[in-house]
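In what follows, chains carry the letters A, B, and so on, assigned in the order in which the sequence lines appear, proteins first and then strands, with residues in each chain numbered from 1.
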2 protein chains.
Amino acid sequence: MATPRRMGTETSETRVRLLDVTERIMIDDGYAAVSSRRIAKDAGVTPALVHYYFGTLDDLFLALLRRRAEQQLARQQRKLSAERPLRSLWEASKDRDGARLLTELMALANHRKVIQTELAEYAERFRAIQLKALEDHVADLGVDVPPVVLLVLIAGMSRSLVLEASLGMTTGIAETYEVIERYLDQLEAAPPAG
Amino acid sequence: MATPRRMGTETSETRVRLLDVTERIMIDDGYAAVSSRRIAKDAGVTPALVHYYFGTLDDLFLALLRRRAEQQLARQQRKLSAERPLRSLWEASKDRDGARLLTELMALANHRKVIQTELAEYAERFRAIQLKALEDHVADLGVDVPPVVLLVLIAGMSRSLVLEASLGMTTGIAETYEVIERYLDQLEAAPPAG
DNA sequence: GTCTATAGTTCGATAGAC
DNA sequence: GTCTATCGAACTATAGAC
């Protein structure tokens, strides 16, 4: 029986830094640019330390996914209970870096089963939480589609538009934003007129 | 002045095969799994041949993108002039392999400028063609949103739903498909009742 | 058109010193 | 907790033979 590999603690500052650096690499240069050497270089440590904290690169990707997801879950919980959950749901996906990171994770998930499973699981948790918030809220909005459909539509279009804009597309994007946001304002209380 | 590198012709059977193999690798294992060695191995040739035909890997990715895009443009031209352009637009993104390939290309585009430029250009060409087909058609459908918005919505949701399903998500997907398809049937002639 | 051979990089992961 | 050193493997790209 081999001696179990040593590994750093969850709360280590260095560990946090390695995750931060990895996120930045993925956003800037894609998941394929992630390597223990590159991470080490950007973080100012040695490659061996990456393996000390995470074992394999897959474990590192998993840790990154979990941290990000938990952050977002917490943030979402707060915002969804506000007075305009549809709108906050809509805004949630607007962050460009977040959208790129998600794209990279989805591309990763396409061929790394552990990532796919974990990512799908978190996505479903998000959806369940959002659905609950909407169900409590949407009944009296007079919408003709089920809350879950409204949810899938808003989340899907939000992501889609950010990706198209991030790719450099322009046709129809501003117009679609306007139509959707007008619709949301109509459903939920419009902001106070200036 | 150096002797220009030799390069294979566009119509070579081997070239076509190399592109086919590369597509398959990207779909199955992601763009990061694409290497001249892997391609050569899967195609039953030597790595040097990949460089003979494409020069660099970026050129290979570009060639792949162009071939795929031109194929889809031709196919789309045919289908969009049919009697139910909205529906055919909706169906166009349903192919799972196509969606995965597009995801990989978008992830690639996030950090390879040549890919991004070319991909965005093709995406805009697609949109322009689709828009023209819709404008000729949608006027008498009695829709309350501009054709271009309808286009962005349908294309976006089609892609989004395929990706979510491909990831393994389930909540709300079937319901959303139903709502959208019902809506499309209502806009365009519903299929003949059985 | 296809190959062999090779130069030069970069990578994952580990053992073990400090 | 962090490092040095290292093995073994994979990679891009090219030169040049056939």
From B/L119 CG over to B/Q116 CD, what is the distance, rounded to the nearest 0.5 angstrom?
-> 8.5 Å

When rounded to the nearest 0.5 angstrom, what is the spacing between NE2 in B/H137 and CD in B/E83?
-> 9.0 Å

Could you check how far CZ of B/F54 sits from P of C/dG1, rounded to whole Å?
-> 13 Å

Side-chain atoms of B/T14 come closest, of C/dT2, D/dA15, C/dT14, to C/dT2

Separation of B/H51 atom NE2 from D/dT14 atom C1', in whole Å?
-> 9 Å

Scan B/V50 against the nucleic acid and name what it touches under 4.0 Å (heavy atoms): base, sugar-phosphate only, or nothing.
-> nothing

Spacing of A/E13 atom CD relative to D/dT2 atom P, expressed in whole Å | 9 Å

Using a 4.0 Å heavy-atom cut-off across all strands, classify B/T46 as base, sugar-phosphate, or nothing.
-> base

When you check the gap from the basic side-chain N to the acidic O, do A/R67 and A/D20 get nearer than 4.0 Å?
-> yes

In terms of the nearest nucleotide of DNA chain D, which residue is placed more toward the 5' end: A/G44 or A/R37?
-> A/G44

Just how far, in rounded Å, is P of C/dG1 from OH of B/Y52?
-> 4 Å

Does the pair B/E178/B/R182 count as a salt bridge with the N-to-O cut at 4.0 Å?
-> yes

Reckon B/S12 touches a base, only the sugar-phosphate, or nothing at all at heavy-atom distances under 4.0 Å?
-> nothing

Checking C/dA15, C/dG12, C/dA5 against the side chain of B/A48 (C-beta onward), the nearest is C/dA5

Could you tell me the separation between the CG atom of A/L18 and the C1' atom of D/dC3, rounded to a whole number of Å?
-> 14 Å

Please report, rounded to the nearest Å, how far the C1' atom of C/dA13 is from the CE atom of A/M7.
-> 12 Å

Closest heavy-atom contact between B/G98 and B/R68?
-> CA-NH2, 3.4 Å

Rounded to whole angstroms, how far apart are CG on A/L57 and C1' on C/dT14?
-> 14 Å

Check whether the side chain of A/R6 and the base of D/dT2 form a donor-acceptor pair under 3.5 Å.
-> yes

Atom CG of B/D29 and atom P of D/dA10 are separated, to the nearest Å, by 15 Å

